[in-house]
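Single-structure report; data block below.
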Amino acid sequence: MSRITAFMGATFLNFISEVGKMGVFLFNSFYMACLPPYKWKLTVRQIWFLGYMSLLVILMTGAFAGMVLALQAYYALKKFGAEALLGPAIALSLIREIGPVFTALMVTGRAGSSLAAEIGIMRITEQIDALTSMALNPFKYVIIPNFMAALIVFPLLTVIFDVIGIYGGYIVGVKILGINGGTYFYEMKNYVVMKDIMIGFYKSICFSIIITWICCYKGFFAGYGARGVSKATTEAVVLSSISVLLWDYIIGSFFIT
Amino acid sequence: MEKKSIIEIHNLKKTLDDKQVLNGVDLTVYEGELLAIIGKSGVGKSVLLRHIIGLLKPDSGSIIIKNVDITHVKQKNINYIRQSFGVLFQGGALFDSLSVHDNIAFPLRERTLMDEKKIEEAVSSALDEVGLSGIEQKYPAELSGGMKKRVALARALITHPSILFFDEPTTGLDPIRINAIHELIKTMHKKNKFTGIIVSHEIPEIFSVADRIAMLDDGKILKVGNPEEIVLSNIPEIRRFIYCCPVKESSFRDPITTLYSRKFLEEYSEILIAGILRKKTSLGVLMCDLDNLKGVNGRYGYDAGDILLKESSTIIKESVRKSDIAIRFGGKEFLVLLHEVNESSLLSVAEKIRVGIEKSRINIDGEEISGTISIGVSRFPKDTEDFWQAIKYANVALYNAKDSGKNRVVKYTQDMWKTSNKEAEE
């Protein structure tokens with residue numbers, strides 16, 4: 001019994017310590033981001049890496065998400081004779097929930113994992129120490145450009161995901177299932193309000209911070225060797241994905257109430 | 001002139017993962033010297049280096065660099081000190097995403113206001129110095145291990161640091177590249193006059209690179225001294241580390257006399273020579289030959305000969321200082337190398353040995369016998385700048401002593417070499 005208690009106590013203390021370290025890491029990132037010099041060139045490079053390189057994945061998942069959504073929503077709406085509301089149903093689902101969440105999960109899988117791995121490799125090959133020994137702040141070169149880039153890229157990718165999803169839904173709903181094209185878009189205008197778009201925007205901003213924070217943190221404090229980097233990468237992806245879904249629920253419930 | 005300390009470490013302690021890695025390290029590094037930190041793997045050499053660079057915080061103790069205790073100052077003050085640092089990390093630590101040119105230019109771009117044209121010139125010249133011109137556009141992944149280390153050295157030197165740290169600069173390289181890196185470090189040190197701290201495993205190569213050696217063992221500095229002092233140290237931990245294993249150590253000792261063997265001289269002569277030349281001192285060379293060993297062997301047997309050899313070696317050891325080196329050079333020849341002695345002291349030591357052996361008596365089967373010794377004397381680098389030639393000169397003087405009736409000390413003169421050559425030609 002005492003062993004179990006000791007184990008639980010140790011686990012809890014480790015958890016608290018890890019949360020504390022992560023909090024300090026996030027605070028440092030924001031604090032350093034406010035201080036010059038600003039590494040715009042590195043930020044642009046990370047925009048290319050996080051954004052442009054994720055574009056194909058976002059286009060494909062966006063299109064298919066919209067198409068699947070159209071099929072499912074049509075099936076449900078038909079039961080109530082409300083097929084005309086397919087457009088708003090797809091648009092609201094995508095803009096408020098699916099767009100930001102799917103974008104976040106896709107970017108986590110594609111870029112978040114490589115971000116954690118890249119920073120982890122920089123750590124184990126002493127590149128981060130090299131920066132420190134040159135009297136330079138590694139946060140400025142390794143962490144902050146990722147935060148800046150993510151803050152710009154995530155909302156843009158989410159918008160692209162939403163638009164492509166809506167057109168994916170249009171192909172299935174209008175071209176395959178035979179709903180009127182004008183109705184599809186007209187009803188959307190009636191039901192989707194600015195608040196819905198802002199909820200999607202806030203979510204994408206929150207997810208950009210969460211994912212960058214977790215992936216950078218895990219990479220920055222990666223353990224030794226290939227095993228350490230592999231562990232950091234896995235943890236980064238798993239923790240980011242869970243956090244995105246958890247935070248999605250928290251924001252969703254906050255805005256609904 | 002009194003040496004000026006640039007780094008002082010006092011009672012440094014650090015525990016990592018419940019293991020006491022550093023347990024009261026005290027070390028002083030003097031301005032302009034090359035200090036090597038040696039020790040077994042996992043003993044904490046790199047941990048010590050990382051403390052000095054400020055990458056790790058100690059549990060207790062102090063590290064004073066240029067009169068600032070970096071363990072008790074704010075980050076920005078450590079960064080101010082770090083601007084005078086250059087670090088060559090174990091794997092090079094080159095930035096993967098940057099080309100060789102951009103890697104070397106990185107500290108200049110980030111820390112100075114130099115314009116691009118000047119940076120380009122500085123990078124070309126740095127690459128030229130490390131012998132790697134023309135690879136500016138390559139990426140680290142395209143370079144071999146040795147090239148990476150040289151590029152990293154160029155990057156470390158580009159800001160002309162006053163203190164340069166080398167964390168195992170030759171790990172993972174083949175012997176040819178190890179020598180190339182060591183030569184490069186020596187050349188750069190001579191040219192740039194930085195203070196260098198090298199963490200290394202390369203025994204005995206590091207002895208010919210460093211001015212002083214610090215042996216780290218069990219979390220403490222066991223001994224600091226010049227390479228000769230470390231090589232000749234009697235501390236068991238140092239001997240075990242330098243000679244790797246008892247078998248290797250025993251091959252450096254003559255089994256009968258327990259003096260150093262000729263193999264020891266062959267292995268470590270470079271370190272001795274480097275030390276003498278570096279300190280601009282001289283080495284006295286005594287080539288000694290027991291006159292009547294053959295006769296004793298013939299008349300009383302080899303056991304009696306061995307006793308005479310042992311007795312003679314004891315007298316030789318007692319006649320010289322601990323810092324001097326006595327070697328059993330051949331069957332009945334001893335080579336004695338005396339540090340920092342003038343000519344009269346050298347001759348008086350030789351005479352002391354000769355008289356000591358002449359007066360000694362050994363008892364063989366109830367009969368008292370004595371030996372005599374002839375000694376040839378030369379000086380390195382006064383007589384010649386070639387160490388092995390100085391030994392030959394001492395040998396020529398020894399044969400002169402033998403020809404003149406044995407049991408005497410003869411100092412080498414230039415005519416002896418000419419005569420000896422003439423005789424050889426005839």
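Chain letters run A, B, ... following the sequence lines, proteins first and then strands; every chain starts at 1. Everything numeric in this text was worked out from a predicted model, so none of it was measured.
Within 6.0 Å of CE on A:Met60 lie no more than 12 heavy atoms contributed by other residues, nucleotides or ligands. Within 6.0 Å of OH on A:Tyr38 lie more than 12 heavy atoms contributed by other residues, nucleotides or ligands.
Looking at A:Ile121, only its side chain comes within 4.5 Å of chain B, counting heavy atoms on both sides. With a 4.5 Å cut-off on non-hydrogen atoms, B:Leu94 touches chain A through its backbone but not through its side chain. Heavy-atom distances place the backbone of A:Thr125, and not its side chain, under 4.5 Å from chain B. Only the side chain of B:Asp167 comes within contact range of chain A, with heavy atoms under 4.5 Å apart.
Counting all heavy atoms, side chain and backbone alike, A:Ala130 lies closest to B:Phe95 at CB-CZ, 4.4 Å. Shown here for A:Thr132 and B:Arg82, the closest heavy-atom pair between the two residues is O-CD, 3.1 Å. The two atoms that bring B:Phe89 and A:Ser133 nearest to each other are CE1-OG, 3.7 Å, heavy atoms only. Nearest heavy atoms, A:Glu126 versus B:Gly91: OE1-N, 4.0 Å.
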Exercise for review: Take A:Asn137 and B:Asn79, measure what side-chain contact (heavy atoms from CB on, under 4.5 Å) needs, and give me the verdict at the end.
Suggested key: CA-CA 9 Å; A:Asn137 188 335; B:Asn79 278 346; 6.0 Å; no
Point to revise | Derivation of the side-chain contact (heavy atoms from CB on, under 4.5 Å) call for B:Val87 and A:Met134 | key: CA-CA 8 Å; B:Val87 185; A:Met134 286 176 200; over 6 Å; no
Point to revise | From CA spacing to verdict: side-chain contact (heavy atoms from CB on, under 4.5 Å), A:Tyr141, B:Phe106 | key: CA-CA 12 Å; A:Tyr141 296 83; B:Phe106 190 82; 3.7 Å; yes
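Ion pairing between B:Glu110 and A:Lys39 holds under the 4.0 Å rule for side-chain N and carboxylate O.
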